[in-house]
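Have a look at the structure below before the remarks.
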There are 2 protein chains.
Amino acid sequence: MGRCVLTEHGEDHVRERAMSRAATIKDVARRAGVGVATVSRVLSGSGPVSPATRDRVLAAARELEYRPSALGRGLKTRRTGTLGLVVPDVTDPFCAELAAGVLECARTFGENVLLDAAHDDPEREAEIVDRLVEQRVDGIIAVSAGEGTAWEAAMRAGVPVVFADRAPAGPPQAPTVLADDAAGVRAAVEYLVGLGHRRIGFLGTTAADTGVREETFRATLAERGLAVREELLVRARPQRDSAFAAAAGLLQSRPDMTAVLAATHLLGEAAVLVARELDLRIPADLSVVMVDDVPWAELCDPPLTAVARPGRRIGYQACEVLLRDPARRDRSRPVVLAAELVIRGSCSPPAGLSGGTARSARTR
Amino acid sequence: MGRCVLTEHGEDHVRERAMSRAATIKDVARRAGVGVATVSRVLSGSGPVSPATRDRVLAAARELEYRPSALGRGLKTRRTGTLGLVVPDVTDPFCAELAAGVLECARTFGENVLLDAAHDDPEREAEIVDRLVEQRVDGIIAVSAGEGTAWEAAMRAGVPVVFADRAPAGPPQAPTVLADDAAGVRAAVEYLVGLGHRRIGFLGTTAADTGVREETFRATLAERGLAVREELLVRARPQRDSAFAAAAGLLQSRPDMTAVLAATHLLGEAAVLVARELDLRIPADLSVVMVDDVPWAELCDPPLTAVARPGRRIGYQACEVLLRDPARRDRSRPVVLAAELVIRGSCSPPAGLSGGTARSARTR
DNA sequence: CCTCGGTGTGGAATCGTTTCCAATACGCTC
DNA sequence: GAGCGTATTGGAAACGATTCCACACCGAGG
């Protein structure tokens, strides 16, 4: 038939593609000599089909390289097989880990994931949600920054929402999956206090998400009979430069502080870098604990003690809550996943206790 | 009208949502007393509409909280406003950075991004591509692991593909955006040689993507008149444990090696950790350079000298190539973005030259 | 011989948009 | 006042799937 039998198949494809566009179910039906309904039945595995017809349809589909269109299907079935994931920032290791969890779980359900980053901007977040609704996603998983209004709109539009890692303050009633930040911070503070620290600093953010961390910090100190010294609590905006400024301010002006708890890995990074700049040795001059056990914690010298929050599992579970058993989704309180204090080398008893050298915080 | 004027609006919404499902263009048309065509014209801004009608339609749309369905629109226009992004692993800082670039650019074009991770598994990659084609994405950006066959299928199906960061070996002819790995590695090797190093190790991977790095490593050594010593070249699989094993093997068995180039940040991490374990001081006993300037490079002690590859810009550009001017996309050679050697504190002249202390590589 | 209950099968409606095309009305010019 | 271009507008046909419903066929039971 063709001049070159070996490449005939390939030529076929090229010609078909080049001329008409992608094959539709109608093309398959025609080629197999059956009706579209039958093709649909074969491909979706529903309804009775005789083995002979099935084979013909399957063959036709293969020959045409037929791929059902998610658009056509979604229009009819009202499901897109896609869900939305909104995070503050993909390059944040914690968010990335969470996203990996979502991806992993979504995959087991055969769902796709539409990702976007809101950069802690409520307005941008609202716009993203709008677009996700427009895409008719089957659900949204959100590490939310803004207030609830955007999410309320989504839920009104019939799109289920699950919050991950951060519980929004506002009214939107939606299932939530969180890390047990309180327990983590409590463990960290108690660890420091147990080592003998009395003047412990706190680096937090103005964003809502470190709120419980700060509260727990205060509460634990109080429980242990230690006064909370307001001048040791500093808050930064969630940007890198702001974190630095905050850390610099705290470390420079409080020479009697012997330990610091960074409520965020960005703040932990800032603390480490500023300490190095100020020639403060960790842990001899300053003990450091950080929330979020990002990969570099172990690479630091000394390796950083940190509160490990299970980002991947949070993402996985959030996705599971969203997709499994949507009926039971609405009632039920937040899922809380354990956080764990990973003790490494960045904390020691304070200088006075251990007999270490007096600290030298020269401001060059 | 309502018993409580203040909440009437809200009740309206609830009732409408609870009963019927989301408003369609037909609902808007009816409410505004116009035809669907007119609504479409108003909302998409095409065609002439009288100001009065426009206002009525806009009002109706607002009252109904109407959101056009991307499904219906996509079916008709053959564009989904969504593109696919396939990376090896979202939690990898470089991939995350690249993804952020894609997100950023896609946003300026009003496109959504469907993300998935192939985990360096060609089979999985093929499956992902299949799903993206089924979703009828407008294009795919790929940091590909597998051979070209999956990508060929996508392109046959009419989905444009752009490769980012890695050029696939196979036949699939598609635009590509790369970092100038060769220049980066060359700069790194020359830097080490310039410092006086003669016995330089290389940690690479079995994956194809470090191929040019190894070649350039060899070539640069040769140019500088240095023999390439095969026993100093080690390759690991792209998993963490394999990287460790490779680093351990190299550092332990080659006590005369004075510097090492890690072709990957995972390998750099392994090198640093193994060196610490072996009580090798960096840079006194061993100089270390790594490809990919991940955030922790600066946090290391000493901070790591690294080849910075512009992940974000690669992603941004890949997306731009995909979306802007699709005609000119096909011809034209790969876009190559500069990589830069960022010199920090992990390299110094070898011990023999600088008069440093003799190294003590005890294997405890 | 005639119903009856299945089994396969195809036609046609439907999902929510865009867009072509025809129809209407309006303001001019001649 | 007729003719005509132009500004608006609505109806209807796609787009590509699923699915309801009707129909044909066939062996069994009355």
Side-chain angles (χ1 to χ4, degrees), chain A residues 20-58 60-61 64-82 131 133-138 157-159, chain B residues 20-58 60-61 64-82 131 133-138 157-159:
Chain A
S20 63
R21 39 172 172 275
T24 76
I25 198 174
K26 230 176 270 181
D27 301 323
V28 178
R30 196 174 325 123
R31 176 139 188 163
V34 301
V36 289
T38 304
V39 176
S40 177
R41 264 179 302 240
V42 169
L43 262 26
S44 67
S46 68
V49 195
S50 80
T53 338
R54 147 170 280 107
D55 288 349
R56 287 223 313 291
V57 169
L58 254 22
L64 260 32
E65 286 196 287
Y66 170 67
R67 305 253 166 275
S69 158
L71 260 41
R73 167 179 330 166
L75 198 52
K76 184 67 178 151
T77 63
R78 331 192 61 73
R79 296 200 68 242
T80 48
T82 297
R131 279 159 56 148
V133 170
E134 202 162 302
Q135 291 289 328
R136 299 293 191 264
V137 291
D138 297 335
V159 180
Chain B
S20 61
R21 39 174 172 274
T24 77
I25 198 174
K26 233 176 268 182
D27 301 323
V28 178
R30 197 174 323 123
R31 177 137 187 165
V34 300
V36 290
T38 304
V39 176
S40 176
R41 253 171 260 145
V42 169
L43 262 26
S44 67
S46 70
V49 196
S50 79
T53 338
R54 147 170 281 109
D55 289 349
R56 288 224 312 290
V57 169
L58 254 23
L64 260 32
E65 286 197 285
Y66 170 68
R67 304 254 165 275
S69 159
L71 261 44
R73 170 186 332 196
L75 197 52
K76 184 64 182 159
T77 63
R78 331 190 62 74
R79 296 200 68 241
T80 48
T82 297
R131 279 161 53 151
V133 170
E134 202 161 302
Q135 291 289 326
R136 298 295 190 266
V137 291
D138 297 334
V159 180

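So you know, we letter chains A, B, ... as the sequences are listed, proteins then strands, and number each from 1. The basis for the numbers below is simple: all heavy atoms, side chains too, and nothing from hydrogens, waters or symmetry mates.
A heavy-atom distance below 4.0 Å to DNA chain D is reached by these residues of residues 35-49 of chain A, ordered by number: A/Ala37, A/Ser40.
Counting non-hydrogen atoms under 4.0 angstrom, A/Ile25 reaches a base of the nucleic acid. Looking at heavy-atom distances under 4.0 Å, A/Arg67 makes contact with sugar-phosphate atoms alone, never a base.
By the side chain to side chain contact (heavy atoms under 4.5 Å, CB included) test, A/Thr82 pairs with A/Thr80, A/Asn112, A/Leu114, A/Val137, B/Leu114, B/Gln135, sequence neighbours left out. With sequence neighbours excluded, the residues satisfying side-chain hydrogen bond (donor to acceptor under 3.5 Å, both in side chains) with B/Ser50 are B/Thr53. Under the side chain to side chain contact (heavy atoms under 4.5 Å, CB included) criterion, B/Asp27 pairs with B/Ala23, B/Thr24, B/Arg30, B/Leu64, sequence neighbours left out. Qualifying side-chain hydrogen bond (donor to acceptor under 3.5 Å, both in side chains) partners for B/Arg67, counting only residues two or more places apart in sequence or in other chains: A/Asp130. Judged as a salt bridge (Lys or Arg N to Asp or Glu O under 4.0 Å), and not counting sequence neighbours, B/Arg136 has no contacts. Applying the salt bridge (Lys or Arg N to Asp or Glu O under 4.0 Å) criterion to A/Arg131, with sequence neighbours excluded, gives A/Glu127. With sequence neighbours excluded, the residues satisfying side-chain hydrogen bond (donor to acceptor under 3.5 Å, both in side chains) with A/Arg79 are A/Glu111, A/Asp138.
Comparing B/Pro51 and B/Gly72 by the nucleotide of DNA chain D whose heavy atom lies nearest to each, the residue mapping closer to the 5' end is B/Pro51.
Rotation axes derived from the C1' atoms of the five outermost pairs at either end of the helix from C/dC1-D/dG30 to C/dC30-D/dG1 lie 70° apart, to the nearest 10°.
The span of DNA chain C lying next to chain A, judged by atoms under 4.0 Å from heavy atoms, is bounded 5' to 3' by C/dG8 to C/dG16. Contact footprint of chain A on DNA chain D: nucleotides with an atom under 4.0 Å from a non-hydrogen protein atom, first to last in 5' to 3' order, D/dG16 to D/dT19.
Rounding to the nearest 0.5 Å gives a distance of 13.0 Å between NZ of B/Lys76 and CG of A/Leu75.
When all heavy atoms of A/Val57 and A/Ala32 are compared, the closest pair comes out as CA-CB, 3.9 Å. The heavy-atom pair separating A/Ala60 from A/Arg31 by the smallest distance is CB-CG, 3.7 Å.
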Would you tabulate the side-chain donor-acceptor contacts of residues 34-48 of chain A under 3.5 Å, counting partners in other chains and residues two or more places apart, or write 'none'?
residue, atom, partner, partner atom, Å
A/Thr38, OG1, A/Arg41, NH2, 3.4
A/Ser44, OG, A/Ser40, O, 2.8
A/Ser44, OG, A/Ser46, OG, 3.3

